[in-house]
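As the structure lists them, so they are numbered: ligands from 1, and atoms in each ligand from 1. Counting begins at 1 with the first residue of the sequence.
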Amino acid sequence: MLPPIENKNHNMMNNQLIELLSNCTLCPRECRANRFNKTGYCGMPATVYGARAALHLWEEPCITGKEGSGTVFFTGCTLRCVFCQNHNIANGSVGKEITIEHLSEIFLSLQEKGATNINLVTPTHYVPQIVHALKIAKQNGLILPIIYNTSGYEKVSTLKLLDGFIDVYLPDFKYMEEDLALRYSNAKDYPTIAKEALKEMVRQVGSPTFKKDRIVRGVIVRHLVLPGHRTDSKKILRYLYETYHDTIFLSIMNQYTPLTGLTDYPEINRKVTKREYNDVIDYAIALGITNAFMQEGQTASESFIPEFSFEGI
Ligand code: SF4
């Protein structure tokens, strides 16, 4: 488990950021935890914790680029899906403390290593600290596009804190049915929240812009197809296409990996079949979706889940 809470970032924060973390309503859980002396649903204090900061080659090609995406995996999560592929860091059991100043140095170090971009993974509960670190890093020469890689369970007011700092939003859209959102993520309001969040993301960064096949601005929405839930996948694709047409990209993923501990959820305790995935892809094509990434071959493998050994932290 993480050590007792001790905030070492106080001197790096302005009053507004301290206020946000003292009565935390950053995500839709709205715990109102004072994260300087306790934790809320996300399980994380005011101090930032991370598990890995390294070049990552397994994102969509326009994000990975040549050398890899400069991915920073943050510890803790506001959603905590039962099938989480990164459960060790989502539940807070793997993490190393990072001061705000060091976080800014991590961003710069990834830039020096040739990263295509800075990719902030599961950042929601650290938004104020990240904004602060980005300000420092930009003053010190950070010029890479910044990607906000999120579950999609985001409050519009928190996203507004990021306006001007994020170039590419990379949200999931996990469920359209409230029952599924409740069963797998304990968040019945996920569909409503994710829709509003996506609207704000598109407002901030607009249509996708590419430079040499690399995305530098815009929104890519990821959808992970779950075993046995093709109908929900199709509802999501229809909603996204009818609402946004070609102003966003979609990434339709088949890499769902059933990990241990899913005995209470037998219906998703298997991989997605080729037939299921192809059916969802055929539906997307029939709808007229062209701005989309899809995965070929058998990508449901634990090898796609990186090792969280504090590399680069
Ligand atoms: S970020 Fe964490 S503490 Fe803050 S409202 Fe969300 S779950 Fe609660």
Side-chain angles (χ1 to χ4, degrees), residues 1-10 12-51 72-84 86-100 103 120-134 148-163 165-166 169-175 178 181-198 200-201:
M1 287 304 292
L2 298 170
I5 299 162
E6 181 192 347
N7 176 50
K8 294 187 178 171
N9 293 325
H10 235 109
M12 297 297 298
M13 295 185 186
N14 63 30
N15 289 341
Q16 188 209 6
L17 303 194
I18 291 171
E19 207 178 304
L20 286 167
L21 296 169
S22 304
N23 183 29
C24 187
T25 56
L26 283 174
C27 85
R29 304 284 183 192
E30 296 191 338
C31 311
R32 298 198 172 273
N34 177 354
R35 290 173 58 192
F36 293 102
N37 57 36
K38 64 182 276 207
T39 59
Y41 194 96
C42 61
M44 302 313 295
T47 304
V48 176
Y49 283 79
V72 182
F73 287 90
F74 292 99
T75 302
C77 180
T78 59
L79 200 55
R80 310 273 284 270
C81 308
V82 297
F83 53 80
C84 180
N86 297 333
H87 57 99
N88 282 344
I89 56 170
N91 67 17
S93 58
V94 175
K96 191 172 166 191
E97 185 179 317
I98 311 172
T99 63
I100 288 177
L103 184 57
L120 309 164
V121 184
T122 324
T124 315
H125 45 299
Y126 292 130
V127 161
Q129 300 95 319
I130 288 170
V131 167
H132 211 92
L134 283 173
Y148 190 82
N149 186 336
T150 165
S151 66
Y153 196 52
E154 298 280 352
K155 280 174 65 176
V156 170
S157 56
T158 299
L159 292 173
K160 284 186 189 292
L161 298 174
L162 294 160
D163 199 354
F165 289 94
I166 301 302
Y169 278 103
L170 185 59
D172 295 336
F173 203 116
K174 290 176 182 290
Y175 321 102
E178 288 186 348
L182 179 63
R183 178 160 171 78
Y184 300 137
S185 297
N186 189 28
K188 193 175 176 199
D189 57 358
Y190 179 93
T192 311
I193 297 277
K195 283 179 192 170
E196 287 305 306
L198 180 55
E200 171 62 17
M201 292 173 191

Next item on the list: Look at the side chain of R35 and the backbone N and O of M44, then say whether any donor-acceptor pair between them is shorter than 3.5 Å.
Entry: yes

Checklist line | Under 2.8 Å from atom 8 (Fe) of ligand 1, the protein N, O or S atoms, given as residue and atom | finding: C31 SG

Next item on the list: Would you confirm whether Y175, through its side chain, and L182, through its main-chain N or O, come within 3.5 Å as a donor-acceptor pair?
Entry: no

Margin query: Show the atoms of ligand 1 that are less than 4.0 angstrom away from any heavy atom in R35.
Written below: 1 (S), 3 (S)

Notebook entry, point to check: What residues, two or more places apart in sequence or in another chain, satisfy ring-ring contact (aromatic ring centres under 6.0 Å, His included) together with Y41?
Noted result: none

Check: Would a distance-only check, ignoring hydrogens and angles, find a side-chain to backbone donor-acceptor pair under 3.5 Å from R80 to H87?
Finding: no

Item checked: Backbone of S185 reached by a side-chain donor or acceptor of Y190 within 3.5 Å -> no

Check: In terms of side-chain heavy atoms, does D172 have a donor or acceptor partner in Y153 at a distance below 3.5 Å?
Finding: no

